[in-house]
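As structure tokens, the structure follows; a few thoughts come after it.
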Protein chains: 2
Amino acid sequence: MMKALVNKKSSEQASETEISVNHQKLIDATIETIAKRGLADTTIAHVAKRAKVSQGYANFRFKSKDNLLISSLQYLSDEYKKSWQKIFEEKNIDPIDRIIRIIQNDFSSKIANRNKISVWIAFYSEVKFRPSYLAICQRQDEIYSQQMEKLVSEINNITNQKEFTPKEVSETYHSMVDGLWQRILFDPKIYTNEFCKNLVLKYFKSIYVNEDRFA
Amino acid sequence: MMKALVNKKSSEQASETEISVNHQKLIDATIETIAKRGLADTTIAHVAKRAKVSQGYANFRFKSKDNLLISSLQYLSDEYKKSWQKIFEEKNIDPIDRIIRIIQNDFSSKIANRNKISVWIAFYSEVKFRPSYLAICQRQDEIYSQQMEKLVSEINNITNQKEFTPKEVSETYHSMVDGLWQRILFDPKIYTNEFCKNLVLKYFKSIYVNEDRFA
DNA sequence: ATAAAAATTGAATGATTATTCAATACAAAA
DNA sequence: TTTTGTATTGAATAATCATTCAATTTTTAT
């Protein structure tokens with residue numbers, strides 16, 4: 001069978017940043033398997049089958065199951081990061097519009113869907129016992145929080161809001177997002193993405209009373 | 001060795017509500033083991049050793065590992081429920097004082113500590129794949145939410161607050177609590193119980209602007 | 001004290017699963 | 001085409017673990 005490398009124009013151009021098709025197929029299959037069966041029931045055999053490679057290959061390619069799981073979490077983290085980085089990097093956009101874009105992103109169906117959330121929570125649940133999981137999650141949180149605080153700070157200036165510090169608003173938002181994601185898992189009938197997004201908007205409305213865009 | 005039944009005054013008084021010492025010892029050991037090692041690494045052997053009974057007995061007593069885990073989650077759920085039920089049942093207490101008591105309870109060290117939280121999240125992470133876990137979690141949420149909404153409704157009346165519905169406030173609070181518990185796991189240095197409690201109080205301050213008890 | 005019943009043990013069993021690796025298929029180079 | 005190196009397979013291995021159960025200890029009833 002032929003399983004070629006992608007990006008490989010010629011053998012000399014091979015580099016450590018090069019990713020094989022199978023590499024990505026296995027990461028995708030891992031995330032899908034965790035979403036469908038749960039982390040506890042995710043075996044190399046299931047993942048390999050879903051990725052349509054042999055069980056031995058999956059292990060060979062990632063050296064260990066542990067490593068495959070870490071790579072999958074890293075991928076998920078990068079994917080999420082890209083989606084909000086893009087919004088933070090947009091030019092000529094009003095801070096309030098920007099934060100609304102951030103909220104929309106956090107509750108978009110691409111980000112806040114039951115499959116993705118169940119995978120996140122699966123990893124979260126092991127964070128206390130796996131330093132490598134913790135490191136990935138913490139690194140992500142740190143940058144996100146930093147950017148959020150800066151953004152809230154701008155909004156506070158514009159609106160002349162002094163009662164609530166950027167840190168407070170940012171942390172409250174962040175915890176609401178995490179909490180609401182969790183509840184989407186429990187009861188997606190009630191916690192639709194619309195419902196969650198509006199709840200968050202309403203929170204901002206309570207802080208920035210005169211700003212109609214949060215209504 | 002003697003392993004006696006507790007509450008057993010005489011053999012005739014035996015009833016299905018009777019709980020043996022070993023039953024509780026095993027549930028405690030299960031929760032401790034999940035807290036110390038994570039759900040993925042919690043084996044009957046570990047639990048039995050911690051409870052100081054034989055491995056065979058642990059299985060015999062609960063019929064299966066699955067059943068032991070479900071019983072442990074139920075116990076955790078009951079324990080939490082008792083702590084807030086007590087507050088909801090207190091008489092002659094002002095609604096605002098009552099909700100402050102609820103907040104204090106949710107971030108008391110007995111409830112919001114890393115061990116308990118890691119166990120909750122371990123179960124949460126499997127909720128999508130285990131209907132029995134889901135049922136326990138949902139049942140708890142339902143009653144809690146119901147009581148919270150009623151309480152917020154009273155507060156809204158007293159304070160003449162019309163902008164935010166009881167459901168909105170209650171859901172926002174609930175998601176904040178879930179989210180903050182999660183973050184206590186990630187970074188207990190930053191997310192101390194005090195910090196979390198104050199963040200929530202500040203949220204209520206943003207809703208009930210003139211109420212100084214939330215300050 | 002003795003017998004019967006119940007509780008508890010611990011070793012054996014069988015199932016599951018990550019990991020290894022010799023064998024094979026394939027691609028690139030000559 | 002032949003050779004050489006790399007990718008991939010799939011079956012074997014070894015470890016882990018829930019579950020079972022015959023044997024033993026402890027409790028209860030007589």
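Values in this document were obtained by computation on a predicted structure and should not be read as measured data. So you know, we letter chains A, B, ... as the sequences are listed, proteins then strands, and number each from 1.
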With a 4.0 Å cut-off, would you call B/E171 and B/K167 a salt bridge? yes

Please pick, from [options], the nucleotide with the shortest atom-to-atom distance to any side-chain atom of [X].
X	options	result
B/Y57	D/dC17, C/dA18, C/dA7	C/dA7
A/N59	D/dT19, C/dT17, C/dA18	C/dA18
B/S54	C/dA18, C/dT9, D/dT19	C/dT9
B/V53	C/dT9, C/dT19, D/dT19	C/dT9

Interatomic distance where [atom1] belongs to [X] and [atom2] belongs to [N] [whole Å]:
X	N	atom1	atom2	value
B/Q55	C/dA7	CD	C1'	18 Å
B/K52	C/dG10	NZ	P	15 Å
B/R37	D/dT16	CZ	C1'	12 Å
B/K65	D/dC17	NZ	C1'	8 Å
A/L69	C/dT19	CG	P	10 Å
A/R61	C/dC21	CZ	P	19 Å
A/K63	C/dT20	NZ	C1'	15 Å
A/K49	D/dT9	NZ	P	15 Å

Taking the six-membered ring for Trp, are B/F60 and B/Y57 parallel (under 30°), tilted (30 to 60°) or perpendicular (over 60°)? tilted

Please figure out whether A/G56 or A/D41 has its closest DNA chain C nucleotide nearer the 5' end.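 Looking at the nearest nucleotide for each, A/D41 comes out on the 5' side.
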
In this structure, which one of A/F164, A/F204, A/Y203 forms a ring pair (Phe, Tyr, Trp, His ring centres under 6.0 Å) with A/Y173?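 Considering A/F164, A/F204, A/Y203, a ring pair (Phe, Tyr, Trp, His ring centres under 6.0 Å) with A/Y173 is found only for A/F204.
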
So, taking the atom named CH2 in B/W181 and the one named OG in B/S118, what distance separates them when rounded to the nearest 0.5 Å? 12.5 Å

With nearest nucleotides of DNA chain D determined for B/F60 and A/A58 from heavy-atom distances, which residue corresponds to the more 5′ nucleotide? A/A58

With a 4.5 Å limit on heavy-atom distance, are the side chains of A/D141 and A/H174 in contact? yes

